[in-house]
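Note sheet for the following structure.
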Amino acid sequence: MLMNYKRIIQIVLLMAVLVLSTYLFKQADTYTSSAAFCNSCHVHNHAQLSWEGSTHYIESEEELSCVSCHLPPKGEGFYREKIKRGFKDVYAYYFKDSVDHNWELKSRPEQAREHTFKASCLECHPKLFPIQLSPNGEIAHWHYQQHETDMHCIDCHLNVGHGPGGKASHNFELLNTTIKTDTLYLVSAQIRDLKSFTETIPQSSIGFDMIAIEKGDSSFFIGKAEVSWDEYLLFLRETESEGRSENEIDGFSGATPPWGNPDQGWGMGSRPAITMTHHAASMYCKWLSVRTGKSYRLPTEAEWEYVARQVITTESELVNTINSDKTKTIEPQEVSPDVLGLHHLFGNVKEFCADEFEKGSKEHVLKGGSFKSEKTNYRADYREATQHDHWMKTDPQIPKSIWWYSDCNDVGFRLVLTYQNTEKP
Amino acid sequence: MGKYSRREFINNTLLAGGLTLASSLGSCKSKSVKQPLDAAPDGPVLKAGLIGCGSRGTGAAVNYLDAGPSLELVALGDVFEDKLIACRQNLKEKKGIEIDSEKCFVGLDAFQKVIDAGVDVILLATPPYFRPEHFEAAVKARKHVFMEKPVAVDPVGVRSILINSVRAEELGLSVVTGTIKRHQADYLETYERIKSGAIGDIVSGNCYYNQGKLWHVNPRAEWTEVESMIRNWVNWTWLSGDHIVEQHIHNLDLMNWFIGSHPLSATGFGSRQRRTTGDQFDNFSVDYIYPNKVHVHSMCRQINGCTNKVSDLIRGTHGYTNCENTIFNAKGEMKWKYELTEEQEKDKWHFFWRAFAQEHIDWVTAIRTKVPINEGKQIAEATLMAIMGRISAYTGKIVTWDEMLNSDLRIGPKVFDMFTTGIKKAIPVMGTL
């Protein structure tokens, strides 16, 4: 890359300011702390723009700039971090191609914790319980206080710095999304033989494909794709309730509204539904069974593996069938179907099986890995366990939801239906 | 330079190695325990409002007025008019003050009217069921609060108290509660000694509130069901929390104070042998387990004709104490006793009555010197501990602190007026819940 004159000036200025100059330090500090300075050479223009659309862009507040959040408060390592970060920025700008930078990754709470400082939030928001705080906020902040050492404000307020939606809250909107009415199925599918078919949920516009799997007396059908948000939302809408007891109404007391954004802001539609608990996935199967007059369920680990063995024989065959995006789920149609016509048996999201992980354990088996997994783990025999408590860590509700994991964004599930051969003697 | 003799060296090491016991026991009055103040300092007039005009409320109001100069009581609130009238009359006789009738409020919303009546500080003395709602309203209105124990009847209420205690702290408010032992000179001095190792490390505790039946009020035809219940509140769990919460909390709080932590679990039982009114038990026996497996056995009972005992005992690796005024060594020999003046010697209840005044003196002092004290968390924890014991006894099952802290249990009607009916009146049966 050829450095032009202006850039050389900039780099010299930056170096000079950050390390050499103690003289005029105060003034330089003010300037290098301002948003204008950050953006004079920062590659993250998008960050500036999205900041301007956030609650924390207040023109009258000159003090509030990028470093208000992205550096610790003065006196708590402010200058040390600034020098460290300054160098990193200079390095990143001049020696790395900015397109390479995975900004999306930096937006995830795990990473954002590294560049957004809790102490800085507290500097301006010293009160956890301001008088006007809403009841939701009270429960949430109380929960935060109980887990102060391992929680960060942005676990719940991820969007405070960039874009709208800085206030964390229940995501009730999710349940009010309008129902498409262009197609309305009247009856569910009839199964005559062991052939792949399209299931249609009566009185809805939702349909999905089931693929036939030949296995002698225990043949079955398996979902072509992981259960999608479109499908799952129908379940939520029809059963939504504030009820929290597991055995409340005959079979399916409805899911409570989720805390936060269950789709992680990645979008819904045909993407796999995620973050539901194993219990919720099982309830979905029960509900769907009643709606379609069949007996849908989660696959057993043996069934899942049986299918998986036919799908892969060598790892290289997976290349076009798994997602290359390591930061989020994708829509199933973005990858090619595998030899059986399934999408994402491996990758995208880990899939619940009906089995306990170990005898007597409250954890269940997960198969297939997710978008986050190492390629080497896309194997038929690879098994993982749910981590119930760990995945509920930041759920501030009391009691914690039995429907949604607050801290796991790569689990979902695929349906199975036993084939009943009625022609058998 | 250092001129340590070998002998001195040995002595010093011995001391460091565990004989701190001897040093603190030996040096009688030398410890610098802060002596309680006799009266709060003067300052700008502090105007108080009283919510809950029963006898304890009236008592608290008098204690407050006696705590120092320039203290006024200007507003009263109660759900019942007769209680308010009696309280007003009492205050007139005892303290010669007349509360403006414009500032006397009756009804379920009286509390808010008192808070809004231009007062600086609030005294809360209603049955504990109402406390969380009243405390929240008072703190949000930036009032300093004195509140009677206990402070809630269920985990949801306790959580509200915890939240609003932090809020009070953030607003610089002072919150004092009616756990008098923490303001009693003899307990305070004993505590200091135990804390500095007088009985070594604490290994166990026992506490007792075994006494006769408390009062009850029979329902009357002209009262609605709710009114009858509120007038008979010490016999209804949803109003009082049951007697383990309502009374025994004094001892339970003391255990937390001396041990320096709250328990992690409770296993208890209890029953209803003789009580004929309300829905409470009349005896509880609970084993509380603290960190490091320190056990505290708690017993409380409200039945006539049995041996009465209201006391505490804490045992350490080197001895034990009654927590109040005496320390014994492991062999049972008295090692230290709080020295009484002649006047104190004559009056057995001296410290007890004194403590009621003292808590108000300490509260007003904190407000006037702008060094806030906040007892919200400790009273919330003691309340939750008592509720944990109650639930364990009602169910017959072990109950953990975490379960309690995260429980959504709320008892009593959620919203009610004086005509609400159908409040649950079942007496818990152990092993069926």
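In what follows, every heavy atom counts, from backbone to side chain, and hydrogens, waters and symmetry copies are set aside. Labels below follow one simple rule: chain letters A, B, ... track the order of the sequence lines, proteins then strands, and each chain is numbered from 1.
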### Within 6.0 angstrom of B:Asn292 CG, more than 12 heavy atoms from elsewhere
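12 or below, so no.
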### Task
For atom NZ of A:Lys118, decide whether the heavy atoms of other residues, nucleotides or ligands shown that lie under 6.0 angstrom number more than 12.
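More than 12 within 6.0 Å, yes.
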### Query
Got A:Leu133 and B:Arg167 here, is their nearest side-chain heavy-atom distance under 4.5 Å?
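Yes, at least one pair of side-chain atoms sits under 4.5 Å.
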For the [atom1] atom of [X] and the [atom2] atom of [Y], what is their distance to the nearest 0.5 Å?
X        : Y        : atom1 : atom2 : value
B:Asn406 : A:His143 : CG    : NE2   : 8.5 Å
A:Phe129 : B:Ile163 : CZ    : CD1   : 5.0 Å
B:Arg159 : A:Glu138 : CZ    : CD    : 11.5 Å

### Query
Hey, which residues of residues 119-127 of chain A are touching chain B, say heavy atoms under 4.5 Å apart?
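Hits under 4.5 Å: A:Pro126, A:Lys127.
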### For the student: nearest non-hydrogen atoms of B:Lys140 and A:Ile131, plus distance
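Here B:Lys140 and A:Ile131 meet closest at O-CD1, 3.5 Å.
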### Region of A:Gln145 in contact with chain B, defined by heavy-atom distances below 4.5 Å
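Just its side chain gets close to chain B.
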#### Entry: Where at least one partner belongs to residues 139-160 of chain B, residue pairs that pass ring-ring contact (aromatic ring centres under 6.0 Å, His included), sequence neighbours excluded
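For residues 139-160 of chain B: B:Phe146-B:His360.
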#### Entry: Pairs touching residues 149-168 of chain B that satisfy ring-ring contact (aromatic ring centres under 6.0 Å, His included), sequence neighbours left out
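The answer is none; no pair qualifies.
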### Task
Would you please test B:Leu405 and A:Gln146 for side-chain contact (heavy atoms from CB on, under 4.5 Å) and show each step?
CA-CA 10 Å; B:Leu405 213 49; A:Gln146 301 296 109; 3.4 Å; yes
### Task
For B:Ala75, enumerate each residue passing the side chain to side chain contact (heavy atoms under 4.5 Å, CB included) test, keeping only those at least two apart in sequence or located in another chain.
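With neighbours one apart ignored, the set is B:Lys103, B:Val114, B:Ala117, B:Val119.
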#### Entry: Under 4.5 Å from any heavy atom of chain A - which part of B:Glu169
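It is neither, since no heavy atom gets under 4.5 Å.
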